[in-house]
Amino acid sequence: RAMEEFKALQLFDAVCLRHADSVSLLLGVPQVTAYDAKCGHNALVIAIRNGDQKIISLLQAAGATVVGCAVGSIANV
């Protein structure tokens, strides 16, 4: 469990930093839709807020959704 949480945090960091290659490598993480209580949302919400279409597409293809998350403001709109 601790390793899965660590990998999920790595995914969040990669999305926040807009590193699409790292996100692509981390998509094997079982918790691609993990909700980060500290941030109040998941990796897909961060990608949407950043306006990063490539990462949004990668996360959606891996099954991430924004169900139950508040998207809030979106960059570059």
Side-chain angles (χ1 to χ4, degrees):
R1 173 111 173 111
M3 183 55 102
E4 289 177 358
E5 289 176 6
F6 175 73
K7 289 180 180 179
L9 288 175
Q10 286 182 311
L11 177 63
F12 272 75
D13 288 342
V15 172
C16 286
L17 296 171
R18 303 178 79 171
H19 291 163
D21 292 337
S22 296
V23 170
S24 183
L25 291 172
L26 291 165
L27 286 180
V29 175
Q31 293 165 325
V32 71
T33 59
Y35 177 84
D36 184 3
K38 181 181 76 173
C39 296
H41 43 258
N42 66 18
L44 182 56
V45 172
I46 296 169
I48 292 169
R49 287 182 179 173
N50 287 343
D52 195 322
Q53 186 58 46
K54 182 174 182 178
I55 293 177
I56 292 168
S57 296
L58 288 169
L59 292 169
Q60 285 179 320
T65 68
V66 294
V67 174
C69 297
V71 175
S73 63
I74 301 172
N76 302 321
V77 175

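Here, residue 1 is the first one in the sequence, and each next residue gets the next number.
Residues Ala20 and Leu58 approach most closely at O-CD1, 3.7 Å, considering heavy atoms. Closest heavy-atom contact between Ala47 and Leu59: CB-CD1, 4.0 Å. The two residues Asn50 and Cys16 have their closest heavy-atom pair at ND2-O, 3.8 Å. For the residue pair Arg18 and Asp52, the shortest heavy atom distance occurs at NE-OD2, 3.4 Å. Summarising the geometry of Asp21 relative to Lys54, their closest heavy-atom pair is OD1-NZ, 4.4 Å, with the distance given to 0.1 Å.
Looking at Ser57, its side chain does come within 3.5 Å of a backbone N or O of Gln53 through a donor-acceptor pair.
Tested against Val15, the residues Ile48, Ile46, Val45 include a single side chain to side chain contact (heavy atoms under 4.5 Å, CB included) partner, Ile46.
We find the CG-NE2 distance between Leu25 and His19 to be 12.0 Å, quoted to the nearest 0.5 Å.
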